[in-house]
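Notes follow the structure.
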2 protein chains.
Amino acid sequence: MDRPAAPTRRITIIDVARHAQVSTTAVSKVLRNAYGVSPTMQAKVRQAISELGYRPNAAARAMRGQTYTIGIMLPDIRNPFFADILDGLTARIAGTDYQVLLGPGCNGEEAEARVIHAMIDRGMDGMVLVAPISTRAYLEQVAGVVPTVVVGRHGRSQTYDTVADDDLTGAALVVNHLADLGHRRIAHIEHHETTADCLAEMPNAIRAEGYRQAMRARGLADEIDIASTRYNQEGGYLGTRQLLARPVRPTAIFAGADIAALGALDAIAEAGLRVPDDISVAGYDNTTFAAFRPISLTSVDQAGHEIGADAARLLLDRIADRNRPTAQIKLSPALVVRRTTAPPPA
Amino acid sequence: MDRPAAPTRRITIIDVARHAQVSTTAVSKVLRNAYGVSPTMQAKVRQAISELGYRPNAAARAMRGQTYTIGIMLPDIRNPFFADILDGLTARIAGTDYQVLLGPGCNGEEAEARVIHAMIDRGMDGMVLVAPISTRAYLEQVAGVVPTVVVGRHGRSQTYDTVADDDLTGAALVVNHLADLGHRRIAHIEHHETTADCLAEMPNAIRAEGYRQAMRARGLADEIDIASTRYNQEGGYLGTRQLLARPVRPTAIFAGADIAALGALDAIAEAGLRVPDDISVAGYDNTTFAAFRPISLTSVDQAGHEIGADAARLLLDRIADRNRPTAQIKLSPALVVRRTTAPPPA
DNA sequence: ATGAAAGCGCTAACAA
DNA sequence: TTGTTAGCGCTTTCAT
């Protein structure tokens, strides 16, 4: 009869050292590819490690400084654009000794702080914060504690590196495209966060500003019309309902995010209007769903994969040297024209 | 002039103890709401904690057994159904001292094992594995090390708890719905994993089997037609191209997942066919995108939120008592009929 | 090139 | 009720 297996103690570095007839120091050095181990020692230790199936205890390592873990905070797991960023990140990290863990999507500043703290408490070696809504001061403070890369926030910092897309240009691409098609009443759906503090740095604000600038540049200053909701499906839906209720309806809607554009399409369908015959719609992010044929949404491509890869690179560099000057990477967006935009109805 | 701030040492339990003029034990007890602390002590310690802004070091705690961290493994962050599960999970965990961290999406058995191991190494107090593809033996082994709940795999285990949907019934709901509409040539797109070992436990296999059984029950055994691809957009697209190329085209396609149904819609649109006039399409999971009006996909609702909440509950229970008998929760699916299914063309 | 030993921050067994 | 103290597994000086 089997006895209930004693809760098997995990193999430690001591077991490995004993099995390989060497010191724990030697094992530790091999684990870290540290300087000063003979090939013979290497071989002995590696064999013992694989024979025993040893795996280093991350907590114990953390107590001495390193966890080999990188924490990623994504604000909204449902927005497929963030999945693209994540792919780029993980692809770039894959070759290293680091492991990626994600903080769960969080809404609101408080929840965001909780997730960030949780990651710091758990000794992350570095963090990537995607489109955080915290104040700049808070981000600086966080970055002072652990190497941090902030994705999708404009404005340079002395403490953290940034990767962002040129949202000003991106918004202009859309407006110009629609204006070129002959539209004049081009409305915009923005994501509006109440915290004024960091507003100027947020991509949503920059896109709205880019929209305004481009409208003015095209002599359409009088047609500027913004519905302030949120970058999610419901936000797009509600914003569009607002816009469709205007005395003079817009002939084109530029939603600041694809996911909001989906909501816009929803509201438009509900109103019995056709896209693009009655009204044109453009999004932002060029997510998988924009490319999806039955939707086929005109959108702005942000190269999420590249953003993620760049963020990973910057983070690894900063972990390697915490005193290097901070870098700001700004990527250029590209317009992808599909079937939801066309000339306005005659 | 500011001097570069000395890399501020983190506040430890010792600092708190000193500041509150008590022992570290006292602080530790307060932190854990442990038995045997006077209200006075409580107050003193709590005040010191907040005055100093102390936060426990998770790594140090981990070395003594607990990290207050729960690891979730999601196979595919792009499938919005998994976001529903995650929501249910986090909602249930929110009130507790535990923090949720996610392993990044992983494809393939090896990547899955890497993520699972990474979580074990980092001392997760518990894990939720969503639709894992590892062998059953491996899952049992993992669950032997750390409390584990497996979501979306059928078959009971002595070691881990499970939450799953009744996929056999779910598939039958779809087939019966289509057959009731008058369809006979009802095809299925399945997710086919090569690892035969755990195949029988996987929801995709069960759905395919449910499809077969229901088809036979309806006297449509001769019409059984399965395209084996994968549960993602491309899989649905390719599978549908196969099915549309049949000498006699199916009049309805039952995709085993909404995300695959999207790919199916794509292929159908490309072929110049209309849904549901020329061909009906049904999915599975009732994701946000199925409900999305311009798509309006008939689908099977799995109540992802509830699945997640149940998984969280089981996990917390198991963490509290590792020896309690394992539980198997099976939830009943419901059909949500929308606009992609209709009687076959005359 | 190799090893002995201190100590990271916390918990828990034990002593007072 | 409160405090003292021995580790948890690892990295890192510092000898050898």
Side-chain angles (χ1 to χ4, degrees), chain A residues 7-46 48-49 52-69 97 117 120-125 145-146, chain B residues 7-46 48-49 52-69 97 117 120-125 145-146:
Chain A
T8 41
R9 200 180 47 78
R10 202 180 148 115
I11 306 289
T12 76
I13 205 174
I14 301 183
D15 301 315
V16 176
R18 191 156 35 212
H19 191 259
Q21 316 252 48
V22 299
S23 72
T24 58
T25 310
V27 179
S28 175
K29 283 193 167 181
V30 171
L31 285 176
R32 290 171 294 120
N33 301 308
Y35 173 82
V37 261
S38 68
T40 329
M41 175 76 68
Q42 277 271 357
K44 269 197 295 188
V45 172
R46 291 213 183 285
I49 287 177
L52 297 177
Y54 166 78
R55 294 186 57 92
N57 177 324
R61 294 182 127 181
M63 299 226 36
R64 308 297 279 143
Q66 287 217 76
T67 55
Y68 299 94
T69 312
D97 284 340
H117 260 126
I120 296 177
D121 295 344
R122 282 156 187 78
M124 299 291 168
D125 291 342
V145 179
V146 34
Chain B
T8 42
R9 200 178 50 77
R10 200 177 149 114
I11 307 289
T12 76
I13 203 173
I14 300 183
D15 301 315
V16 177
R18 191 157 33 212
H19 190 260
Q21 317 251 53
V22 300
S23 73
T24 57
T25 308
V27 180
S28 176
K29 282 195 168 182
V30 171
L31 287 175
R32 290 173 293 121
N33 302 308
Y35 172 83
V37 262
S38 67
T40 330
M41 176 74 69
Q42 276 270 357
K44 271 198 294 188
V45 172
R46 291 214 184 282
I49 287 177
L52 297 176
Y54 166 77
R55 293 186 57 90
N57 178 325
R61 292 182 127 181
M63 298 225 38
R64 305 297 283 149
Q66 284 217 76
T67 55
Y68 298 94
T69 312
D97 284 340
H117 260 126
I120 296 176
D121 295 344
R122 282 156 187 79
M124 299 292 168
D125 291 343
V145 179
V146 36

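Just so it is clear, the model here is predicted, and its values are computed rather than measured. Side chains are part of it too, since the values below use all heavy atoms of this structure and drop only hydrogens, waters and symmetry mates. Lettering of chains follows the sequences in order, A, B, ..., and the numbering in each one begins at 1.
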Requested in this report: Would you mind reporting whether B/R10 and A/I120 have side-chain heavy atoms less than 4.5 Å apart?
Outcome: yes
Report summary line: Double-helix bend of the helix from C/dA1-D/dT16 to C/dA16-D/dT1, axes at both ends from 5 pairs, round to 10°, gives 40°
Per-pair distances, 0.1 Å, donor-acceptor, side chain in residues 20-27 of chain A, under 3.5 Å, sequence neighbours excluded:
{"from": "A/S23", "atom 1": "OG", "to": "A/T25", "atom 2": "N", "distance (Å)": "3.4"}
{"from": "A/S23", "atom 1": "OG", "to": "A/A26", "atom 2": "N", "distance (Å)": "3.1"}

Query raised in the report: By salt bridge (Lys or Arg N to Asp or Glu O under 4.0 Å), which residues pair with A/R32, not counting sequence neighbours?
Result: none
Query raised in the report: What salt bridge (Lys or Arg N to Asp or Glu O under 4.0 Å) pairs are there with at least one residue in residues 52-64 of chain B, not counting sequence neighbours?
Result: A/D121-B/R55
Query - Minimum-distance pair of heavy atoms, taken over all atoms of B/Y54 and B/I11 - result: CD1-O, 3.4 Å
Query raised in the report: For B/A62 and B/T67, which heavy atoms make the closest approach, and how far apart are they?
Result: CB-CG2, 3.2 Å
Report summary line: In B/S/- notation (B base, S sugar-phosphate only, - none; protein heavy atoms under 4.0 Å), nucleotides 6-13 of chain C written 5' to 3' is -BBBBBBB
Report task. Search all heavy atoms of B/V146 against all heavy atoms of B/M124 and return the closest pair with its distance. Result -> CG2-O, 3.5 Å
Requested in this report: Send over the distance from A/I49 CD1 to D/dC10 C1', rounded to a whole Å.
Outcome: 13 Å
**Report entry** Partner residues of B/D15 under the salt bridge (Lys or Arg N to Asp or Glu O under 4.0 Å) criterion, sequence neighbours left out
**Finding:** B/R9, B/R18
